[in-house]
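Here the structure comes first, spelled out in structure tokens, and everything after it is commentary.
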Amino acid sequence: QVQLVESGGGLVQAGGSLRLSCAASGTIFRSNVMGWYRQAPGNQRELVAGITNDGSTNYADSVKGRFTISRDNAKNTVYLQMNSLKPEDTAVYYCNVRTSDTWRRQFNYWGQGTQVTVSS
């Protein structure tokens, strides 16, 4: 029911910046977490950052101080501002939404991913 459309990936030089966007359509219940994961070739998918419906955030240690996650609840959109990018940030970035309804049924949705490549 929920579709996540990601944008903003690309190729940048080390030290540069990118801003990822993820727009959700469909029903997102009030209780939810929106976040970003990434996966490099040969590696497992890892959490980059997450943000709850009330604005609480969580970041991977490797991106603290460089990345900022934010959201616009009215637009059901989550953003990831990535500054001071490093080659090790190169990965496919996936948008994720976890949400629960009134009866505590949980739903999990994924975007199709957007490539971020950081050159040396």
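Everything numeric here is computed off the predicted structure, so don't read it as measured data.
- Judged by distance alone, the side chain of Thr99 and the main-chain N or O of Ser31 form a donor-acceptor pair under 3.5 Å.
- A donor-acceptor distance shorter than 3.5 angstrom exists from the side chain of Thr90 to the backbone of Val118, with no hydrogens or angles considered.
- Under the 4.5 Å side-chain criterion, counting only non-hydrogen atoms from C-beta, Phe107 is not in contact with Gln1.
- With hydrogens and angles ignored, the 3.5 Å screen pairs no side-chain donor or acceptor of Asp101 with any backbone N or O of Gln106.
- Side-chain atoms of Arg30 never come within 3.5 Å of backbone atoms of Thr102 as a donor-acceptor pair (strictly under, hydrogens ignored).
- Every residue two or more places apart in sequence or in another chain was checked for a salt bridge (Lys or Arg N to Asp or Glu O under 4.0 Å) with Asp54, and none qualifies.
- With hydrogens and angles left out, the side-chain atoms of Arg71 and Asn32 include a donor and acceptor closer than 3.5 Å.
- Contact between Leu47 and Trp36 at its shortest, heavy atoms only, is CD1-O, 3.7 Å.
- Of all the heavy atoms in Ser84 and Arg66, the pair that sits closest is O-NH1, 3.0 Å.
- Considering every non-hydrogen atom in both Phe67 and Val48, the closest pair reads CD2-CG1, 3.7 Å.
- In terms of heavy-atom proximity, Asn43 sits nearest to Gln39 at O-NE2, 3.0 Å.
- Smallest separation of non-hydrogen atoms from Gln13 and Ser120: OE1-O, 3.6 Å.
- Residue pairs that meet the salt bridge (Lys or Arg N to Asp or Glu O under 4.0 Å) test with at least one member in residues 4-14, sequence neighbours left out, do not exist here.
- For the pair Ala40 and Ala91, the tightest heavy-atom approach, listed with the atom from each and the gap, is N-CB, 3.9 Å.
- Side-chain atoms of Met82 and Val63, non-hydrogen and from C-beta on, never get closer than 4.5 Å to each other.
- Using a 4.0 Å cut-off between charged nitrogen and carboxylate oxygen, Lys64 and Asp61 count as a salt-bridge pair.
- If you chain together hydrophobic residues whose side chains sit under 4.5 Å apart, Leu80 and Tyr109 fall into the same group.
- Scored by the ring pair (Phe, Tyr, Trp, His ring centres under 6.0 Å) test, Tyr94 finds no partners at all (sequence neighbours excluded).
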